[in-house]
*Asks:* 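One structure, pasted below without further comment.
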Amino acid sequence: MNYKNKVILITGASSGIGRATALALAKFQNKIILTARRESLLEQVSQEIIKQGSECITYVGDGRDEAHAEFVVQEIVKKFGKIDIALLNIGIGPPSNTLTASAKTILDCMNINYGSLINFYVPLIRQMKKQKDTCMISHMNSLATYFGIPMQGDYTASKGAARLFLETARMELEHFGIKHIRIQTLHPGFVDTEAVKNDGIPAPNQISEEEAASFILKGFRKEWKENRFPFGTSFATRIGRIVPLWLRTKILLAETPKNF
Ligand SMILES: NC(=O)c1ccc[n+]([C@@H]2O[C@H](COP(=O)([O-])OP(=O)(O)OC[C@H]3O[C@@H](n4cnc5c(N)ncnc54)[C@H](OP(=O)(O)O)[C@@H]3O)[C@@H](O)[C@H]2O)c1
């Protein structure tokens with residue numbers, strides 16, 4: 001899908017991949033709407049976007065809050081009449097340990113990664129069904145979505161849930177003959193953002209935020225249902241999905257630090 005002169009919502013855009021993608025899209029005369037909790041960072045991103053020739057509006061709020069998501073979608077529609085692309089990028093993935101983590105920590109990860117997706121998805125799909133032109137919901141998933149990974153139990157569970165939900169949404173759009181809405185999931189490998197620096201999780205084949213953004217823009221253009229990148233990590237994940245569980249466990253544990 002084309003991303004010039006579009007109305008584009010990006011959630012979780014104050015830093016990292018969301019910020020880099022917003023800046024990459026700023027060169028194409030878009031109307032870009034950003035959300036996150038850290039107001040001053042959002043403001044900085046907004047200034048940079050405007051300098052590059054796109055419009056920008058920011059909404060400060062927590063993706064776990066259903067009312068915030070509903071408000072943001074309604075405000076965009078009031079101002080611009082439509083939403084062409086929604087990049088739902090909110091997410092956290094600190095290292096965790098299934099043997100020691102509290103229920104609150106585990107469920108908070110689910111609530112931020114999966115809950116925020118659902119909070120935005122519901123008003124977005126309601127709005128997009130009313131539109132006629134091609135539009136897209138693109139969710140920031142991960143290559144860590146296909147199987148359990150040590151140190152990332154809560155994270156993989158939340159991303160797996162999101163992937164299955166959107167896979168179903170895509171099938172149901174087809175079933176009900178709704179042809180203009182694209183549902184895409186993005187599956188980066190390791191991306192060098194502040195959030196994951198020094199988190200102790202091994203990160204082979206890591207790419208920069210800017211590289212991630214350019215893979216994302218290419219995926220928008222090509223309208224891939226699942227945009228997996230970069231190639232090396234994506235290929236390794238593909239192999240990981242087909243090898244027997246005992247072998248996958250052995251490989252993953254070989255990379256896992258002894259104490260975490
Ligand atoms: N870095 C990687 O290696 C990697 C790999 C695969 C997938 N991903 C995914 O990419 C996405 C971005 O990650 P990143 O590495 O770029 O980290 P990041 O810089 O921390 O970006 C996360 C964004 O989400 C926002 N956010 C977090 N919790 C929120 C909440 N409760 N409500 C509203 N906004 C919230 C943060 O903004 P505020 O804190 O200002 O609210 C921030 O803008 C995540 O979904 C992550 O799972 C990352």
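For ligands, and for the atoms within them, numbers begin at 1 and follow the listed sequence. The model shown is predicted, which means the values in this text are computed figures rather than measured ones.
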*Asks:* Are Leu166 and Tyr114 connected into the same hydrophobic cluster when the rule is that any two of I, L, V, M, F, W, Y join if their side-chain heavy atoms are below 4.5 Å apart?
*Replies:* yes
*Asks:* So, are Arg170 and Glu174 salt-bridged, with charged N and O less than 4.0 Å apart?
*Replies:* no
*Asks:* Please identify which atoms of ligand 1 are closer than 4.0 Å to at least one heavy atom of Ser14.
*Replies:* 36 (C), 37 (O), 38 (P), 40 (O), 42 (C), 43 (O)
*Asks:* Give the atoms of ligand 1, by number and element, whose distance to some non-hydrogen atom of Asn141 is under 4.0 Å.
*Replies:* 7 (C)
*Asks:* Looking just at side-chain N and O atoms, do Ser15 and Arg38 make a donor-acceptor pair shorter than 3.5 Å?
*Replies:* yes
*Asks:* Identify the protein heavy atom lying closest to atom 48 (C) of ligand 1, giving its residue, its atom name and the separation to 0.1 Å.
*Replies:* Ile17 CD1, 3.7 Å
*Asks:* Find all atoms of ligand 1 within a distance of less than 4.0 Å from any non-hydrogen atom belonging to Asp62, and give their numbers and elements.
*Replies:* 30 (C), 31 (N), 32 (N)
*Asks:* Below 4.0 angstrom from a heavy atom of Gly16, which ligand 1 atoms are there? Numbered from 1 as shown, please.
*Replies:* 16 (O), 19 (O)
*Asks:* Please identify which atoms of ligand 1 are closer than 4.0 Å to at least one heavy atom of Ser142.
*Replies:* 6 (C), 7 (C)
*Asks:* Using a 4.0 Å cutoff against the non-hydrogen atoms of Ala13, which atoms of ligand 1 qualify?
*Replies:* 43 (O)
*Asks:* Can you list the atoms of ligand 1 that are under 4.0 Å from a heavy atom of Gly12?
*Replies:* 23 (C), 24 (O), 25 (C), 42 (C), 43 (O)
*Asks:* With a heavy-atom distance limit of 4.0 Å, tell me whether Asn89 approaches ligand 1 through its side chain, its backbone, both, or neither.
*Replies:* both
*Asks:* Do the side-chain N and O atoms of Gln74 and Glu70 include a donor-acceptor pair separated by under 3.5 angstrom?
*Replies:* yes
*Asks:* Specify the protein heavy atom at minimum distance from atom 19 (O) of ligand 1: its residue, its atom name, and the distance to 0.1 Å.
*Replies:* Ser15 OG, 2.7 Å
*Asks:* Which bit of Val191 is near ligand 1, meaning a heavy atom under 4.0 Å away: side chain, backbone, both or neither?
*Replies:* both
*Asks:* On a heavy-atom basis, I'd like to know which of Ala212, Gly189, Gly91 is closest to atom 4 (C) of ligand 1.
*Replies:* Gly189
*Asks:* Taking the six-membered ring of Tyr3, is NZ or CZ of Arg221 closer than 6.0 Å to its centre and within 45° of its axis?
*Replies:* no
*Asks:* Verify the distance criterion only: is there a donor paired with an acceptor across the side chains of Ser208 and Asp192 at less than 3.5 Å?
*Replies:* no
*Asks:* Is the shortest distance from a heavy atom of Ala203 to ligand 1 less than 4.0 Å?
*Replies:* no
*Asks:* Please assess Tyr146 against His187 for the test ring pair (Phe, Tyr, Trp, His ring centres under 6.0 Å), listing each intermediate value before the final yes or no.
*Replies:* CA-CA 10 Å; Tyr146 299 108; His187 302 271; 5.5 Å; yes
*Asks:* Can you pull out the closest protein heavy atom to atom 15 (O) of ligand 1? Residue, atom name and distance to 0.1 Å, please.
*Replies:* Thr193 OG1, 2.7 Å
*Asks:* If we count only N and O atoms by modelled type, under 3.5 Å, do the side chains of Thr185 and Asn141 hold a donor and an acceptor together?
*Replies:* no
*Asks:* Scan side-chain atoms only and decide if Thr11 and Asn89 contain a donor-acceptor pair under the 3.5 Å cut-off.
*Replies:* no
*Asks:* Any non-hydrogen atom of Glu209 lying under 4.0 Å from ligand 1?
*Replies:* no
*Asks:* Is it the case that Glu48 and Gln52 place a side-chain donor and acceptor less than 3.5 Å from each other?
*Replies:* no
*Asks:* Which protein non-hydrogen atom lies closest to atom 35 (C) of ligand 1, naming both residue and atom, and how far is it?
*Replies:* Ile90 CG2, 3.6 Å
*Asks:* Quick one: does Gly61 get within less than 4.0 Å of ligand 1, heavy atoms only?
*Replies:* yes
*Asks:* Pull out every atom of ligand 1 sitting under 4.0 Å from any heavy atom of Tyr155, numbered as shown with elements.
*Replies:* 6 (C), 7 (C), 8 (N), 9 (C), 46 (C), 47 (O)
